[in-house]
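Given the structure is predicted, the values throughout are model-derived calculations rather than measurements. FYI, the numbering just counts along the sequence from 1.
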Amino acid sequence: MILPRNLISLSQTKQAHARIIVSGLAGKASLMGHLLSFLAIFPSSIFEYSLSIYRTIKNPNVFASNNMIRCFAKSDSPLQSLALYSSVLRNCVRPNNYSFTFLLQACSKGLGLDEGVQVHGHVLKLGFGEDVYVRNALIHLYSSCCRTESSKQVFDESPHHCDVVTWNAMLAGFARDGQVSVVQKLFDEMPERDVISWNTMLMAYVHNGKLGEALECFKRMRESGLVPDEATLVTMLSASAQLSLLEHGQSIHSIIDSLSLPMTISIGTALLDMYAKCGCIEQSRLLFENMPRRDVSTWNVMICGLASHGLGKDALTLFERFLNEGLHPMNVTFVGVLNACSRAGLVNEGRHYFQMMTDSYGIEPEMEHYGCMVDLLGRAGLVFEAIKVIESMAISPDPVLWAMVLCACRIHGLAELGEKIGNRLIELDPTYDGHYVQLASIYANSRKWEDVVRVRRLMAERNTSKVAGWSLIEARGKVHRFVAGYREHEQSLEIQKMLEIIETRLAAAGYVPNVSSVLHDIGEEEKENAIKVHSERLAIAFGLLVTGPGSCIRIVKNLRVCWDCHEVTKMISRVFGREIIVRDGSRFHHFKEGKCSCLDYW
């Protein structure tokens, strides 16, 4: 029985080579050419072995040369295949369509645009311009080198000489370039689609933040009858994670189980990330411990997940376990570790790991690492030490670091310093609304209403409006979105009645509103009415309406939760006997029995 090439191992191939030599057949060029064709399917690590065989062939034909070009294309020096191609031409061996397919693959891997253009010239000169495999390789070359317009030109030159691979190559090129609308147009025009076509469309949506479109596209894919593969499911788990849609993420998990897919590192890591970002950190832990294999990215996801849930000490324990297993941390590993310290207020530990990063692992701090340290120190009230970190940076500081200091000034009542930093930030970036809001908040806390009005007027004059806060809740297979004061929901009347019930029961439990987040010089009653209809309160009221008694309510916010809504949610969890999990723009808050997992440190 002759085994398929993909089932033949390298050791079997070497055994076959040994038998050829022992049998005295090593001089047969056709036989050695076939041996090279087997070696061409293996990774680049055996390149030197392949080259040594090729050099033993006297007058290698186009078949042997093509397979050696293919080996070059997989090597660490793919563009060296052009030198081999030149020698083939000098020996008067005429190349064929496979020659150009492998040559263009080599140019793509080596990002050799100039070399690829020269090969393209030979393609046209020798009459292979309409060969579908060569055309596919050309499109892939230009896409890899970020020349999507050149790819489109090749595509348009012979629209009738295309297959699904040609279309997929075009989709991938424009997706890589971030041109989602073009990808969508091409996708809609495709005469036929395979799983790769759908995966490319899904990835284009997800990588460009069009998550709702990705969910709808996946639904259409399922309706078409195509079976999703690992890439499909990993992409959709990412979409579920970013939107914090637990029900959707669980449905993807069910598909994985129903298809009996193995728990690969990619699938396992994507599941970990989804459950962590949907508020189910214990489920993430369980999956992590049961994964048959993990890589550094798996550990990074778990460490970052624990950090985002405020489980700083658990994240550091896991990091120490990571080191004990002999793994080498990356930049992102230390982002997770330092973020864990920041969320849990572990100042000394943060200083220790920041030093370890540079001294023990030679990792130069990047903006995110500095951001974690500034955030850690600022939250802990060590504002001047945070400023010292910024001023000692080896790279130019991003304004966002000063914005963190500004936030710390607001939290710790450093009005004079906050005013100075706030005005400086507005000069540096007059278009960003957050600086105005923070400065106005500092003035409001100091009851400097004239300055609040001045800052808000400045926002209006510069066409800078505050980003609208929204909250999402997934219920009954749909995602419901609320903004402050929203009354357009189909159950708006019931929501308003539930808000009244919440207000009555919280007042009986001793709730007193904290209206410091309202940046207007208006009466206390008006301020109380303003915070009553914040987006998360509407979402929680809706959650109480549509979920069963005792079930968990999960909310996603785009902005940091305000102090009063934080207090209200704690009280609702106690008075109504519900666990409420809120993922805001900063972290997770697990509210249960009147307490929050952040311990009011956020």
What pairs of donor and acceptor atoms, side-chain ones from residues 267-278 against any protein atom, are under 3.5 angstrom apart with sequence neighbours left out?
{"unit_1": "T269", "atom_1": "OG1", "unit_2": "I265", "atom_2": "O", "d": "2.7"}
{"unit_1": "T269", "atom_1": "OG1", "unit_2": "T298", "atom_2": "OG1", "d": "2.8"}
{"unit_1": "D273", "atom_1": "OD1", "unit_2": "K277", "atom_2": "NZ", "d": "3.3"}
{"unit_1": "D273", "atom_1": "OD2", "unit_2": "K277", "atom_2": "NZ", "d": "3.3"}
{"unit_1": "Y275", "atom_1": "OH", "unit_2": "H253", "atom_2": "ND1", "d": "2.8"}

Run the salt bridge (Lys or Arg N to Asp or Glu O under 4.0 Å) test on R220 and E223 for me, step by step, so that the C-alpha distance in whole Å, both residues' side-chain angles and the decisive distance to 0.1 Å come before the verdict.
CA-CA 5 Å; R220 286 167 51 206; E223 290 169 351; over 6 Å; no
H207 side chain vs A204 backbone, donor-acceptor pair below 3.5 Å:
no
Under 3.5 Å, is there a donor-acceptor pair between the side chain of Q250 and the main chain of L245?
no
Can you find a pair of side-chain heavy atoms, one from R587 and one from H309, that are under 4.5 Å apart?
no
Between N331 and T333, is any side-chain donor less than 3.5 angstrom from a side-chain acceptor?
no
Give a yes or no answer on whether the side chain of T547 reaches the backbone of G543 with a donor-acceptor pair at less than 3.5 Å.
yes
Between E567 and K570, does at least one N-O distance fall below 4.0 Å, as a salt bridge requires?
yes
With distance as the sole test, does D398 use its side chain to make a donor-acceptor pair with the main-chain N or O of V400 at under 3.5 Å?
yes
Quick check, are the ring centers of Y486 and W470 under 6.0 angstrom apart?
no
Sidechain N-carboxylate O distance under 4.0 Å for R424, E427
yes
Separation between OG (S308) and CZ (F588), nearest 0.5 Å, reads 5.5 Å
Kindly compute the distance separating CG (L545) from CD (Q491), expressed to the nearest 0.5 Å.
6.5 Å
How about CD on E320, more than 12 heavy atoms from neighbouring residues, nucleotides or ligands closer than 6.0 Å, or not?
yes
Determine whether L538 and I495 satisfy the following criterion, side-chain contact (heavy atoms from CB on, under 4.5 Å), listing intermediate values before the conclusion.
CA-CA 7 Å; L538 297 174; I495 291 170; 4.1 Å; yes
Hey, are Y205 and Q184 close enough side-chain-wise for a donor-acceptor pair under 3.5 Å?
yes
Member of H435, Q438, K420 meeting the side chain to side chain contact (heavy atoms under 4.5 Å, CB included) criterion with L425:
H435
Any idea which heavy atoms bring V556 and S244 closest together, and the distance?
CG2-CB, 3.1 Å
The reported gap from CD in Q355 to OG in S360 (rounded to nearest 0.5 angstrom) is 9.0 Å
Determine, stepwise, if the pair R285 / E282 fulfils salt bridge (Lys or Arg N to Asp or Glu O under 4.0 Å).
CA-CA 5 Å; R285 286 202 220 224; E282 293 308 319; 3.4 Å; yes
With no hydrogens and no angle check, do the side chains of D564 and Y511 hold a donor and an acceptor under 3.5 Å apart?
yes
For the pair Y361 and F334, name the ring-plane relationship: parallel under 30°, tilted 30 to 60°, perpendicular over 60°.
tilted
Do any N or O atoms from the side chain of H412 and from the backbone of L382 form a donor-acceptor pair under 3.5 angstrom?
no
Sub-3.5 Å donor-acceptor pair from the side chain of R176 to the main-chain atoms of T148, do we have one?
no
Nearest-0.5 Å distance that lies between atom OG1 in T200 and atom CG in L186:
11.0 Å
Is there a donor-acceptor contact under 3.5 Å from the side chain of S492 to the main chain of E488?
no
What's the spacing between L428 CG and I421 CD1 if we round to 0.5 Å?
11.5 Å
Taking the side chain as C-beta and beyond, is there a heavy-atom pair between M367 and M393 under 4.5 Å?
yes
Criterion side-chain contact (heavy atoms from CB on, under 4.5 Å) on M404 and L377, from CA distance to verdict:
CA-CA 10 Å; M404 290 176 179; L377 297 167; over 6 Å; no
Determine whether V479 and L243 make a side-chain contact, defined as any pair of heavy atoms from C-beta on separated by less than 4.5 Å.
no
Working note: F174 + V180, criterion side-chain contact (heavy atoms from CB on, under 4.5 Å); need CA distance, chi angles, decisive distance, verdict.
CA-CA 7 Å; F174 282 109; V180 184; over 6 Å; no
Are W299 and F319 close enough that their ring centers fall under 6.0 Å?
no
Report yes if some heavy atom in the side chain of R583 is under 4.5 Å from a heavy atom in the side chain of I555; otherwise report no.
no
Report yes if some heavy atom in the side chain of R578 is under 4.5 Å from a heavy atom in the side chain of S573; otherwise report no.
no
Check whether any side-chain heavy atom of S151 sits under 4.5 Å from a side-chain heavy atom of M170, and report yes or no.
yes
Is the shortest heavy-atom distance from the side chain of L401 to the side chain of Y370 under 4.5 Å?
yes
Exercise: identify the closest heavy-atom pair between A408 and G378:
CB-O, 3.5 Å
Answer yes or no: is there a donor N or O on one side and an acceptor on the other, between the side chain of S535 and the main chain of V483, under 3.5 Å?
no
Less than 6.0 angstrom from the centroid, inside 45 degrees of the normal: does R505 satisfy that with respect to the ring of F576?
yes
Classify the ring geometry between F542 and H480 as parallel (under 30°), tilted (30 to 60°) or perpendicular (over 60°).
tilted
Smallest separation among heavy atoms of G310 and R343, with atom names:
CA-CB, 4.3 Å
Mind listing the closest non-hydrogen atom pair of I252 and S240 along with its distance?
CG1-OG, 4.4 Å
Show, in sequence, the C-alpha distance, side-chain angles and deciding distance for D451 and R454, and conclude whether the salt bridge (Lys or Arg N to Asp or Glu O under 4.0 Å) test is met.
CA-CA 5 Å; D451 288 318; R454 177 179 58 79; 3.5 Å; yes
side-chain hydrogen bond (donor to acceptor under 3.5 Å, both in side chains) against E494, all qualifying residues, sequence neighbours excluded
none
Side-chain heavy atoms of Q242 within contact of V206, under 4.5 Å
yes
Does E536 offer a backbone N or O that forms a donor-acceptor pair with the side chain of H534 under 3.5 Å?
no
For a quick test of reading the model, state the closest non-hydrogen atom pair linking L171 to F187 and the distance between them.
CD2-N, 3.7 Å
Name the atoms and distances for all side-chain donor-acceptor pairs under 3.5 Å in residues 209-218, with sequence neighbours left out.
none

Using 0.5 Å steps for rounding, measure from the CD1 atom of I540 to the CZ atom of R554.
13.5 Å
Taking it one step at a time, do V337 and M357 satisfy side-chain contact (heavy atoms from CB on, under 4.5 Å)?
CA-CA 10 Å; V337 168; M357 179 176 70; over 6 Å; no
Is any side-chain N of the basic residue among K185 and E189 closer than 4.0 Å to the acidic one's carboxylate O?
yes
Residue pair A315 / I303: nearest heavy atoms and the distance that separates them
CB-O, 3.9 Å
Kindly say whether C565 contributes a backbone atom to a donor-acceptor pair with the side chain of T569 at under 3.5 angstrom?
yes
Begin from the C-alpha positions of E385 and R351 and carry the test salt bridge (Lys or Arg N to Asp or Glu O under 4.0 Å) through to its verdict.
CA-CA 11 Å; E385 186 177 343; R351 292 180 180 129; 2.8 Å; yes
